[in-house]
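What follows is a short report on a single structure.
Indexing begins at 1, ligand by ligand and atom by atom, following the structure's order.
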Amino acid sequence: MIDRRSFSRLLSLGALALASGLGLGGAAAADTVKVGIIGPFSGPFALQGKNFQAGVEAWLAQNGKSVDGHDIEIVYRDLPTANPQQSRALAQELIVRDKVQYLGGVYFTPDAMAITPLLKQGNVPLVIFNAATSAIMTSSPLVVRTSFTTAQTTTPLGKAAVDRGVKKFVSVVSDYGPGVDAEAAFKKAITAAGGEVVESIRMPLNTTEFSPIMQRVRDAGAQGVFAFLPSGPPTLGFVKSFNDTGLKQSGVKLFATGDLTQESDLPALGEAASGMITSFHYAVSHDSDVNRKFVAAAEKALGDPAQLSFPAVGAYDGMHVIARMIAATGGKQDAEKAVEAVKGLAWESPRGPVKIDPETRHITETIYLREVAKDAKGHWINKEIQSFPEQKDPGLAK
Ligand code: PHB
């Protein structure tokens with residue numbers, strides 16, 4: 001016997017196979033290549049999704065809306081918060097009904113994990129613009145990622161902390177994939193540098209009240225806090241609480257990945273974040289011509305320059321990758337060939353030189369140590385102070 005749920009799942013998988021395999025849809029019907037982009041375009045994380053869109057639009061404005069004569073049509077789908085079931089349903093609908101040839105976007109890890117099992121049957125690659133857990137890459141050979149992993153961004157922080165005389169840490173992370181990866185990477189890095197983690201705290205993803213956590217940090221007598229939370233309202237709340245509860249004032253140092261100091265939050269944080277050391281793959285203030293042109297185009301798409309943040313660069317580079325895939329397949333739907341074509345692809349991103357690692361399909365990039373400071377015009381920025389070039393994802397190292 002087969003129950004109703006399994007039956008409807010079988011039906012939808014059948015539809016995936018039909019849409020991709022029997023020529024009932026896909027690119028054959030028209031010269032237009034559809035790209036489905038899933039992101040948080042409404043709700044508390046809407047600014048992150050808006051940055052996906054700004055990155056896509058910046059790329060289209062600079063490079064045009066077609067590749068080798070194949071018009072690109074972007075189909076946006078809203079996924080406000082981490083919701084794997086809804087993510088899977090949206091991806092399925094994009095593949096079967098909208099007949100997209102490519103999927104892109106995806107802010108949260110659980111949403112990416114829910115989509116990867118559909119890719120092979122749907123004959124669709126997924127280019128991840130954000131979701132940052134290392135293991136996503138091993139869940140399907142049809143995933144390519146243009147963002148970062150928390151293992152990658154966290155690793156340089158261990159030595160940076162010890163170099164500044166901060167050795168005894170409490171680690172505080174959101175209790176899901178990228179937080180667990182960050183916790184492990186920080187512990188490894190700080191131990192290697194001669195420091196230690198005296199307590200590891202994992203918070204539920206939806207935590208909004210951080211003062212009990214700050215109290216635990218105080219009780220542990222730590223010199224430093226390492227933190228990762230997904231960028232958006234939680235990170236703003238966490239850094240504010242670190243300041244408001246007096247921990248910053250008492251001399252405890254907060255070290256974090258750049259998720260906690262995204263540029264769009266800096267005006268609201270102001271002095272509360274001043275001097276904070278973070279490590280990340282992208283700063284809006286990155287000094288290069290490619291970045292200045294990108295920033296101008298992305299700010300135009302956003303309408304408000306103060307809203308620009310890192311998801312825009314993941315999306316912009318994601319479009320670069322998708323365009324190469326379209327060129328390599330002549331606009332025809334062939335997920336395997338598309339992914340094969342971008343293995344080893346290298347280019348200059350607004351963040352600096354990058355390359356798609358041919359083995360892991362994750363992006364190799366420079367990770368920068370930064371300090372929150374004011375620029376010459378008095379705007380708060382993440383000022384790059386040290387670079388670690390050609391960082392692969394240590395979370396995927398064999
Ligand atoms: C993730 O869920 O993988 C994620 C989300 C937001 C971030 C980083 C990672 O800032």
Can you tell which part of [X] has a heavy atom less than 4.0 Å from ligand 1: side chain, backbone, both or neither?
X: F45; result: neither
X: F280; result: neither
X: N130; result: side chain
X: P178; result: side chain
X: T109; result: both
X: Y107; result: both

Taking 4.0 angstrom as the limit and counting only heavy atoms of [X], give me the atoms of ligand 1 inside it, by number and element.
X: F108; value: 1 (C), 2 (O)
X: A131; value: 3 (O)
X: Y176; value: 1 (C), 2 (O), 4 (C), 5 (C)
X: F228; value: 8 (C), 9 (C)
X: D259; value: 7 (C), 8 (C), 10 (O)
X: F310; value: 10 (O)
X: S231; value: 6 (C), 7 (C), 10 (O)

Mutual orientation of the aromatic rings belonging to H281 and F148 [parallel < 30°, tilted 30-60°, perpendicular > 60°]: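 Taking F148 first and then H281, their aromatic rings lie parallel (interplane angle under 30°).
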Plane angle bin for F226 and F186 - parallel if under 30°, tilted between 30 and 60°, otherwise perpendicular: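 The rings of F186 and F226 lie parallel, inter-plane angle below 30°.
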Would [X] and [Y] count as having a side-chain donor-acceptor pair, cut-off 3.5 Å?
X: T153; Y: T257; answer: no
X: E263; Y: N382; answer: yes
X: D393; Y: S134; answer: yes

Worked verdict on F310 versus Y282 for ring-ring contact (aromatic ring centres under 6.0 Å, His included): CA-CA 6 Å; F310 67 91; Y282 178 66; 8.5 Å; no
Main-chain N/O of G314 paired to T146 side chain as donor or acceptor, under 3.5 Å: yes
Electrostatic pair R292:D289 at N-O distance under 4.0 angstrom: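 Counted as a salt bridge, because a side-chain N and a carboxylate O are separated by less than 4.0 Å.
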N-O pairing of D163 and K159 below 4.0 Å: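 The answer is yes: the pair qualifies as a salt bridge.
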